[in-house]
*Asks:* 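Take this structure, written in structure tokens, and hold onto it; I'll ask about it next.
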Amino acid sequence: MCGIVGIISHEPVNQSLYDALSVLQHRGQDAAGIVTVEGNRLNLRKGNGLVRDVFDTRHMLKLRGRLGIGHVRYPTAGCASSAESQPFFVNSPYGISLAHNGNLTNCEQVTRDLFVEDLRHINTGSDSEVLLNVFAHELSQTGKLRLDEQDVFAAVRGVHRRCKGAYAAVALITGYGIVGFRDPHGIRPVVYGTRETPRGTEVMIASESVALDVAGFELVRDLEPGEAVFVDNTGKISTQLCADDPQLTPCLFEFVYLARPDSIIDNISVYKARLRMGEALAEKVLRERPDHDIDVIIPIPDTSRTSALQMANRLGLKYREGFIKNRYIGRTFIMPGQIQRQKSVKQKLNAIDLEFRGKNVMLVDDSIVRGTTSQQIIQMAREAGARKVYFASAAPPVRYPNVYGIDMPTADELIGHGRDEQQISAEIGADWLVFQEIGDLVEAVRYGNRRIVDFDDSVFTGHYVTGDIDQPYLDRIAAKRSDKAKAAADGEEEGGSGDLGLHNSA
């Protein structure tokens with residue numbers, strides 16, 4: 001899960017890129033980066049940390065140019081290494097920078113092919129660098145000094161032939177423009193929009209529509225699966241479908257947790273989808289316990305608020321804010337280590353005793369992944385005086401690892417793996433646990449766009465839409481993504497360089 005943005009403007013883009021990345025900060029808190037181009041000169045700043053920490057005034061002043069791309073990152077595989085901050089850059093051909101959200105499932109094979117067949121060296125463990133080098137190699141096959149949009153689209157077609165998995169990417173081709181493209185399954189989101197100015201049309205490509213909103217861009221549409229959009233230096237927009245057999249299967253977990261509620265993804269309002277999730281949860285409560293004794297519905301901030309509010313409305317119960325969140329602590333789901341996650345829960349939330357004392361409370365969260373956070377929050381509710389603590393999840397049990405760019409590492413680290421609902425309830429200490437049904441979740445999201453036939457629901461069902469995932473593959477990524485492996489990798493990276501390559505605004 002990362003955030004990407006690209007802008008072509010008639011004015012300097014550094015501030016607009018910064019603002020867009022700040023809005024997309026929920027998609028990654030590990031690292032941030034921006035590259036701009038002025039003439040044929042690339043200017044880069046990237047490093048570990050939040051957007052506000054990576055960039056200060058001296059960096060912004062050096063990020064000159066009216067074209068640029070940006071990225072916010074969290075570590076999907078391996079460690080939180082500054083060497084894997086994006087955007088990445090290759091000088092041949094033309095000078096290309098790329099930012100990527102997703103995960104290549106055939107990364108090892110493509111890396112070998114790049115070395116043996118294309119004579120290209122990969123310097124990091126990031127699949128984004130692999131994706132960049134595939135795109136660069138395919139673009140070099142034109143053999144032309146001057147490119148046009150058809151050359152760019154041909155290169156994207158080459159990427160689709162060689163790469164499998166999830167990828168939404170934006171690339172800056174020095175001297176030519178910006179291209180955005182989406183994998184043939186449309187797993188990760190990417191949209192584009194325009195803004196009219198006295199000097200002409202300006203274009204933004206971004207992970208979520210909310211980035212366009214804050215900058216005054218009007219959403220045109222999502223990229224279709226397998227589609228590319230190319231915006232040349234003059235602002236001319238060209239689009240083309242570059243995959244042979246595309247099928248839209250967007251990630252279901254985007255709507256549950258990852259995306260901001262004010263975003264529109266594949267013509268579906270995330271906010272409305274979460275309202276429907278809450279409605280479905282309420283209906284399940286009424287089916288299972290029509291004579292329930294719930295006194296109050298309390299959300300676990302922030303993602304579950306929308307579902308919890310609609311759940312309370314449908315059940316005719318009080319909705320109360322029982323937890324106050326420290327907004328200066330990051331999202332615990334995307335923190336790289338389990339110890340850090342456990343520590344941050346107590347720092348992040350504080351209970352209001354008056355909302356719990358002597359009551360039967362129904363806590364509502366978007367999902368239960370590792371279970372550690374849920375367990376601690378339930379304990380906090382009991383310590384605040386709750387008589388009974390019930391727990392509802394707007395998503396079904398997360399039982400399988402994600403291979404498409406979300407950091408759900410090993411099956412053994414998922415509380416839902418190998419446990420039924422009663423066992424999960426006992427593990428987290430709830431008096432009653434209510435999970436969303438997978439059919440209800442799919443309907444809650446698909447209601448907004450009936451054109452979508454299927455979703456990537458792999459974390460709930462174990463069905464991987466790309467069709468290339470087997471147990472040996474899952475075993476390999478488990479060895480890389482476990483908390484133990486990350487801790488070891490983090491130790492190796494201590495003292496690493498913060499900025500790499502190009503004209504750096506350090």
Side-chain angles (χ1 to χ4, degrees), residues 2 4 6 69 71 76 86-122 124 126-144 147-174 176-190 192 205 207 222-232 238-250 403-405 465-468:
C2 299
I4 61 172
I69 64 174
H71 186 266
T76 302
Q86 297 183 43
F88 282 115
F89 169 78
V90 290
N91 65 355
S92 176
Y94 313 110
I96 305 171
S97 306
L98 179 139
H100 161 230
N101 173 32
N103 188 56
L104 302 186
T105 55
N106 64 337
C107 185
E108 293 181 0
Q109 180 62 50
V110 176
T111 300
R112 286 193 293 269
D113 293 345
L114 281 168
F115 182 75
V116 174
E117 299 175 10
D118 304 340
L119 306 181
R120 286 181 173 268
H121 171 71
I122 303 302
T124 71
S126 173
D127 61 335
S128 302
E129 188 187 10
V130 174
L131 185 68
L132 167 60
N133 275 272
V134 171
F135 178 68
H137 176 78
E138 294 297 324
L139 202 57
S140 71
Q141 299 307 292
T142 65
K144 295 168 62 175
L147 293 175
D148 59 30
E149 63 270 19
Q150 293 306 318
D151 298 319
V152 175
F153 294 144
V156 174
R157 280 193 291 274
V159 170
H160 292 331
R161 285 194 301 269
R162 299 178 65 175
C163 296
K164 295 181 180 180
Y167 48 92
V170 60
L172 171 61
I173 307 173
T174 308
Y176 295 95
I178 291 177
V179 58
F181 55 92
R182 193 179 187 188
D183 73 76
H185 290 273
I187 298 171
R188 300 265 75 85
V190 61
Y192 74 96
I205 304 167
S207 290
D222 299 82
L223 286 184
E224 294 292 330
E227 187 182 27
V229 56
F230 177 64
V231 189
D232 68 18
S238 304
T239 62
Q240 189 171 112
L241 183 61
C242 302
D244 293 332
D245 187 25
Q247 181 181 5
L248 181 58
T249 53
V403 300
Y404 300 129
V465 294
T466 53
D468 59 335

*Asks:* Has D127 got a side-chain atom pairing as donor or acceptor with L104's backbone, closer than 3.5 angstrom?
*Replies:*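 The answer is yes, because a donor-acceptor pair under 3.5 Å joins these two groups.
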
*Asks:* Roughly how far, to the nearest 0.5 Å, is the CG atom of L119 from the NE2 atom of H137?
*Replies:*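 Here the interatomic distance stands at 9.0 Å.
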
*Asks:* Once rounded to the nearest 0.5 Å, what's the spacing between atom SG of C242 and atom CZ of R161?
*Replies:* 10.0 Å

*Asks:* State, with a plain yes or no, whether a side-chain heavy atom of L98 is found less than 4.5 Å away from one of H100.
*Replies:* yes

*Asks:* Given I96 and L132, is the side chain to side chain contact (heavy atoms under 4.5 Å, CB included) satisfied, shown in steps?
*Replies:* CA-CA 8 Å; I96 305 171; L132 167 60; 3.7 Å; yes

*Asks:* Let me see the working for K164 and D183 under side chain to side chain contact (heavy atoms under 4.5 Å, CB included), right down to the final yes or no.
*Replies:* CA-CA 8 Å; K164 295 181 180 180; D183 73 76; over 6 Å; no

*Asks:* Please check this pair: side chain of T239 against backbone of V229, looking for a donor-acceptor N/O pair closer than 3.5 Å.
*Replies:* no

*Asks:* Is there side-chain contact between Y404 and T105, with at least one heavy-atom pair below 4.5 Å?
*Replies:*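 Side-chain contact under 4.5 Å: yes.
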
*Asks:* Contact between D232 and D148 at the side-chain level, heavy atoms closer than 4.5 Å - yes or no?
*Replies:* no

*Asks:* Pair C163, V134 - check side chain to side chain contact (heavy atoms under 4.5 Å, CB included), show working.
*Replies:* CA-CA 8 Å; C163 296; V134 171; 4.1 Å; yes

*Asks:* Could you walk me through whether I178 and V170 satisfy the side chain to side chain contact (heavy atoms under 4.5 Å, CB included) test, starting with their C-alpha distance in whole Å, then the side-chain angles of each, then the deciding distance to 0.1 Å, before giving a yes or no?
*Replies:* CA-CA 7 Å; I178 291 177; V170 60; 3.5 Å; yes

*Asks:* In Å, rounded to the nearest 0.5 Å, how long is the span from CG of L172 to OH of Y94?
*Replies:*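 Taking CG in L172 and OH in Y94, the distance rounds to 14.5 Å.
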
*Asks:* Salt bridge or not between D151 and K144? Use side-chain N to carboxylate O under 4.0 Å.
*Replies:* yes

*Asks:* Do H185 and Y167 have side-chain atoms, one donor and one acceptor, less than 3.5 Å apart?
*Replies:* no

*Asks:* For A171 and F135, work out which heavy atoms get closest and say how close.
*Replies:*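 What the structure gives for the nearest pair is CB-CE2, 4.2 Å.
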
*Asks:* If I compare all heavy atoms of A228 with all of V179, which pair ends up nearest, and what's the gap?
*Replies:* CB-CG2, 4.4 Å

*Asks:* To check you understand the geometry: which heavy-atom pair defines the closest contact between A136 and P93, and what is its length?
*Replies:* O-CD, 3.2 Å

*Asks:* I need the minimum non-hydrogen distance between C107 and V130, along with the two atoms involved.
*Replies:*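 So the minimum-distance heavy-atom pair works out to SG-CG2, 3.7 Å.
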
*Asks:* If only atom types and distance count, is the side chain of R182 paired as donor or acceptor with the main-chain N or O of A168 below 3.5 Å?
*Replies:*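 Not confirmed, R182 side chain does not pair with A168 backbone.
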
*Asks:* Is the shortest side-chain N to carboxylate O distance from R162 to E138 below 4.0 Å?
*Replies:* yes

*Asks:* I need the single residue from N106, T111, D113 that forms a side-chain hydrogen bond (donor to acceptor under 3.5 Å, both in side chains) with Q109. Which is it?
*Replies:*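 Answer to the side-chain hydrogen bond (donor to acceptor under 3.5 Å, both in side chains) test with Q109 among N106, T111, D113: D113.
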
*Asks:* Contact between S238 and F153 at the side-chain level, heavy atoms closer than 4.5 Å - yes or no?
*Replies:*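 The answer is yes; the side chains approach within 4.5 Å.
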
*Asks:* If you round to the nearest 0.5 Å, how far is CD of Q86 from OG of S128?
*Replies:*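 Reported value, rounded in 0.5 Å steps: 3.5 Å.
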
*Asks:* So which heavy atom on C2 is nearest to which on N101, and how close?
*Replies:* N-OD1, 2.8 Å

*Asks:* Do you see a donor-acceptor pair shorter than 3.5 Å between the side chains of Q150 and Q240?
*Replies:*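 A pair is found: one side chain offers a donor N or O, the other an acceptor, under 3.5 Å apart.
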
*Asks:* In the structure I gave you, are the side-chain heavy atoms of Y192 and D222 within less than 4.5 Å of one another anywhere?
*Replies:* no

*Asks:* Do F88 and H71 make the cut of ring centroids closer than 6.0 angstrom?
*Replies:*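 Judged by ring-centre distance (under 6.0 Å), F88 and H71 do not meet the cut-off.
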
*Asks:* Are I69 and S97 packed together at the side-chain level, in the sense that at least one heavy-atom pair is separated by less than 4.5 angstrom?
*Replies:* yes

*Asks:* Grab the two heavy atoms, one from P246 and one from P225, that are nearest each other, plus how far apart they are.
*Replies:* CB-O, 3.3 Å

